[in-house]
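Just so we're clear, the structure is a prediction, and the values are computed from it rather than from any experiment. Throughout, a chain's letter reflects where its sequence line sits, starting with A, and its residues are numbered from 1.
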Number of protein chains: 2
Amino acid sequence: MNTLGYAILGLVAGRSRTGYEVSRAMQRPLGYFWTARHSQIYPELAGLERDGLLRSRVVPGPGPRDTKRYSLTRKGKAALTDWLASPLGEEPAKSELMLRVWSLWLLSPDQARRLIATVREDTLEALAQTAIEREGFSPGVATTDLSDPEFGRWATLQWGIAHREALLRWCDWLLQRLHESEESSP
Amino acid sequence: MNTLGYAILGLVAGRSRTGYEVSRAMQRPLGYFWTARHSQIYPELAGLERDGLLRSRVVPGPGPRDTKRYSLTRKGKAALTDWLASPLGEEPAKSELMLRVWSLWLLSPDQARRLIATVREDTLEALAQTAIEREGFSPGVATTDLSDPEFGRWATLQWGIAHREALLRWCDWLLQRLHESEESSP
DNA sequence: GGACCCATGTAAATAGTTACATGATTCT
DNA sequence: AGAATCATGTAACTATTTACATGGGTCC
């Protein structure tokens, strides 16, 4: 079983979904932590059904064609909870931003400042977006009750905010250094 | 050009390196932000040399066999700086931890608490490790001078610390909620 | 009429992991 | 003697992205 499979099971566990709905959730909000394109999702859904972790029923969709709506089987729920409680390995971090920062010394202070300033702007925008998402919750069951299927969305949203706020502070710290560099060696 | 190529150029830009040294740096410290195994690195190095972005000279290594030591060409430096200043897309986030948190409602309060407590412990350990790494700097040129090849390592280390401290606070926040849940529905 | 959303698939290519292969040196 | 580190590569497999393919409905 691969991680994408568990991601899909986690989405379908909360409520039944069509492939298209899974696909949209993998853009946002789950996409903040795990992304996949529809070309990866549809074959994976078929595989999960073949393995008896999901079941589907064909229903007339809102669109022109029939859609398959997937829901979790008992076996699927067991697989998901087993995975949740299993030991968590190291997070394989991939940050193109930090990769660029590693080589920041090759840029002029002004170019470096522009790069970080842009990141700051984008982060600020993303924070405004999360503020909107947060409004969809207040102060519902999900924010206090672990057994609510929305609890995870709430908890990960909180991390999204905390993460971006930390990034914002780091940008400010770095911009401060860069301004100092610019003054001492213009 | 792919991202791995720029990661390698960034490593070789600071000082010449052998494939093995690049490989180790991709475990730590660059590995905190971009990882690659040697099986991916050696072919990529060969490709970068073929494209004229790196040049190598064969030197007798400390080990039994001759090693190729790579350094950046003018063309390679130009490619790297162009990439650094180019528009930065969205960070494709992949966090298995947050993927699990999404489905946390499926676990008992006690199981959930154990998962997050383990993450807390691991984060604390990682922070202790970064503290050791930070000592290698104090208070050298890299911490103030953007033109120092070590500046990026310093700046990314700062982010590593800030990121982990934010994660720690989020764990504490979530554990607080989970204890409340445990009391109200045991 | 054109752009965009709904809706689901397959094919081809690239990126990344795991396993195979080899062999000297240094530490325990 | 056995394990770990140095050192470099290839082969097979899995994961992910990009492109191809199709077509109705809704909004402007």
Q: If a protein heavy atom is under 4.0 Å from the base, mark B; if only from the sugar-phosphate, S; if neither, -; do that for nucleotides 11-21 of chain D going 5' to 3'.
A: B---SSBBB--
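Side-chain nitrogen and oxygen atoms of Lys68(B) include none within less than 4.0 Å of the OP1 or OP2 phosphate oxygen of dA7(D). Within the structure, a side-chain polar atom (N or O) of Arg24(A) is placed less than 4.0 Å from OP1 or OP2 of dC6(C).
When distances run from any side-chain atom of Thr67(A) to the nucleotides dT8(D), dT8(C), dC6(C), the shortest one goes to dT8(C). The listed nucleotides are dT8(D), dT10(C), dC5(C); the one nearest the side chain of Pro43(A) is dT10(C).
Here the options are Val59(A), Leu45(A), Val58(A), the test is side-chain contact (heavy atoms from CB on, under 4.5 Å), and the partner is Lys68(A); only Val58(A) passes.
Arg169(A) has no carboxylate O lying under 4.0 Å from a charged side-chain N of Asp172(A), or vice versa, which leaves the two without a salt bridge.
Counting to the nearest Å, the P atom of dT10(C) and the CG atom of Leu45(A) are 12 Å from each other. If you take CD1 of Ile41(B) and C1' of dC6(D), they are 15 Å apart, rounded to a whole angstrom. Regarding Tyr20(A), its OH atom lies at a distance of 17 Å from the P atom of dG24(D), rounded to whole Å. Spacing between atom CD of Glu44(B) and atom P of dT14(C) amounts to 13 Å, rounded to whole angstrom units. Distance Met26(B) CE to dA15(C) C1': 13 Å, rounded to the nearest Å. Between the CZ atom of Arg17(A) and the C1' atom of dT8(C) there is a distance of 18 Å, rounded to whole Å.
From one end of the helix from dG1(C)-dC28(D) to dT28(C)-dA1(D) to the other, with five pairs defining each end axis, the axis direction shifts by 40° (rounded to 10°).
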(Q) Please evaluate residues Ser147(B) and Asp145(B) with respect to the criterion side-chain hydrogen bond (donor to acceptor under 3.5 Å, both in side chains), reporting the C-alpha separation (whole Å), side-chain torsions for both, the decisive distance (0.1 Å), and the verdict. (A) CA-CA 5 Å; Ser147(B) 64; Asp145(B) 183 11; 2.8 Å; yes
Q.
Could you go through Glu91(B) and Lys94(A), starting from their C-alpha distance and side-chain angles, then the distance that decides it, and tell me whether this counts as salt bridge (charged side-chain N to carboxylate O under 4.0 Å, His left out)?
A. CA-CA 8 Å; Glu91(B) 293 268 85; Lys94(A) 294 240 160 176; over 6 Å; no
Q: Take His163(B) and Trp159(A) through the ring-ring contact (aromatic ring centres under 6.0 Å, His included) test and state the conclusion after the steps.
A: CA-CA 11 Å; His163(B) 175 262; Trp159(A) 169 243; 5.7 Å; yes
Q. Going through the checks in order, is the side-chain hydrogen bond (donor to acceptor under 3.5 Å, both in side chains) test met by Tyr32(B) and Glu133(B)?
A. CA-CA 13 Å; Tyr32(B) 292 134; Glu133(B) 276 175 57; 3.0 Å; yes
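Cation-pi geometry between Arg100(B) and Trp83(A) is satisfied (NZ or CZ under 6.0 Å from the ring centre, within 45° of the ring normal).
When every heavy atom of Phe33(A) is checked against every heavy atom of Thr156(A), the shortest pair comes out as CE1-CB, 3.2 Å.
Judged as a side chain to side chain donor-acceptor pair (under 3.5 Å), and not counting sequence neighbours, Glu165(A) has no contacts.
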